[in-house]
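Here is how names work: the chains are called A, B, and so on, in the same order as the sequence lines, proteins then strands, and each is numbered from 1. Side chains are part of it too, since the values below use all heavy atoms of this structure and drop only hydrogens, waters and symmetry mates.
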Amino acid sequence: MKPGGEYTYTALSVSLCRGALERPWMPLMMWKAFFNRSLSIGVRAVPTVFLIAFCVGCVIALVLQDELAKLNMEEGVPRLIWVMLNQQLAPMLAAIVFIGRSVSGSAAELANMKIAEEIKALETMGVDISRYLLLPMLCAFLIMLPVMEIYTVGIGLLGAYGVWAAVMGLDANQFVMRALEGAQLKDVLIGVGKSAVFAVVVAMIAFHKGLNATGGSDAVGRVATAAVVSALIAVTLVNAVATGLQLMNQ
Amino acid sequence: MECNLTNDNSLRERKTEQRLPPTLLCEMNLATPSKVPEPLLVVRDLVKSFPNGSSVLNGVSFDVFAGDVFTILGGSGCGKSTLLNILIGVEEPTAGTVHILGENIHCLGRRQRKELMREVGVLFQSGALLQSLTVAENVALPFQHHHPEISRDRELLDETVLMKLRAVRLVAHARKYPRELSGGMKKRAALARALALDPKLLISDEPTSGLDPVSTKEIDNLTITLSRKSGATVIVVTHDLLSFQRIATRGILLGAERDGKVRGTVLVSGTREDFFASKHPLVRGFLHPENGGVVVAADNSCQTGEGQVNVP
């Protein structure tokens, strides 16, 4: 990336790969940035994810229970919830919470740094911003989004079990046995894999929008909004393509 | 913009020269006939136009020599910030060249630019300290990137950073974040970071803007003292006349937006004495604003306290 130039997606991707491969070890300052970022985007998102995943788990369990009972197939509810959560709902839910909390925040932070000349200062010092600034963010995104996805699956199942226990009066053992009946590791890997792809996509959008911010303080809000909208569209499209490819290969 | 390929090896040559023992350097100097000192920064015919047709710099040329405290003066809209961005390589000129230490900054590759920027410290108007890092970490940043051998030795790095902070009297605030500092402290911390690698050239963008007179004087004094100690040549971009009078050895004055056709051109260049001896009405108007300044008419004539005169 040429200092002061436009930060295109291609330039950002090349620069990030080069930054990661040239010197794979991270100095202490980058570890600190990585842990701080992971803490803010992952650990502090736990209450939000808990609430949303639990409610969604409850709601889909209620709807499925109601509809499948008409076909006398309500015993299939746990299995359906397991598949839906792992392959579709959890990656999307986690990504949406992530976009709302972290993508907007990261894009705004980068935009603020751009406007406050912090990015220019780093570049003129000869500091590679990809390596020192963006790489710790990308690593945090790449680790925390799949972790949040797994967490969402767990909490969603808990919510579904709550409904299952209240309506059907059955215990946790039966719920787990039915959910895992015919379950495959592939189900989990699909969700985790999707989340990892989503993490890279939304991180690149946050970097691109934030680093290309121009103007005054009003640009920060504008950039955050643009990053959220673009990330939501991108994640939805990537999910549609991934699901299509997955079903074609089955 | 033309890139002079003959300069490609000069970075390597400079590094070789730095590695030579001092005695050998002395012998070389004795053997070489005395020459006119090589300028550290050479700016030639800089033009910067924007796609909408407006032009902020119109053929700006000047040289900065070792030991200078070179001031780029000018009113609002004269293109000072654009010129600074071009000098540090974050903006491309429409025409003209900038050579720093013999290198055309706009023709360097990533690695060459990184090498060159080790020799150039930049103090930004806002300080531009990274808000997520403490003052000490901000000062340590150039070492982490350019001198990994120092940053791997924790004690050495801490001691070096403390030494830099001691020079700007910020040791007590080393662990504070920039948001916890006053405006003057931020500027001092930014100055410590800009001078961390003992650069040959310090470029300072409006270092005293937004500061009270006492802090302004303090920053001016620190800039001079520290750059003298580290042997850095200083370029200060400012509109502060008091700072100019206090620190400048040489400088240029650029025509401002209100000056009409001469906007973005060099109105006067030289020493402080040359500035004050200038008969140019716009220069006199800038240096003596208490006389009501100068109003430029559409026909390029100036209305001053002394009557109507034409802009040379």
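- Here the straight-line distance linking atom OG1 of A:Thr124 with atom CG of B:Asn85 works out to 9.5 Å at 0.5 Å rounding.
- Partners of B:Phe124 under the ring-ring contact (aromatic ring centres under 6.0 Å, His included) rule, at least two apart in sequence or in another chain, do not exist in this structure.
- Only the backbone of B:Leu129 comes within less than 4.5 Å of a heavy atom of chain A; no side-chain atom from C-beta onward does.
- Taking every heavy atom of both residues into account, B:Ser126 and A:Ala116 meet most closely at OG-O, 3.1 Å.
- Taking 4.5 Å as the limit, every side-chain heavy atom of A:Asn112 sits out of range of all side-chain heavy atoms of B:Gln131.
- Residue A:Glu117 comes nearest to B:Asp205 through the heavy atom pair OE2-OD2, 4.5 Å, listed as atom of the first residue, atom of the second, then distance.
- Partner of B:Leu130 under the side chain to side chain contact (heavy atoms under 4.5 Å, CB included) criterion, chosen from A:Ile119, A:Val127, A:Leu122: A:Leu122.
- From A:Met125, atom CE reaches atom CD of B:Gln144 across 11.0 Å, with rounding to the nearest 0.5 Å.
- Contact annotation for B:Arg118: neither backbone nor side-chain heavy atoms come within less than 4.5 Å of a heavy atom of chain A.
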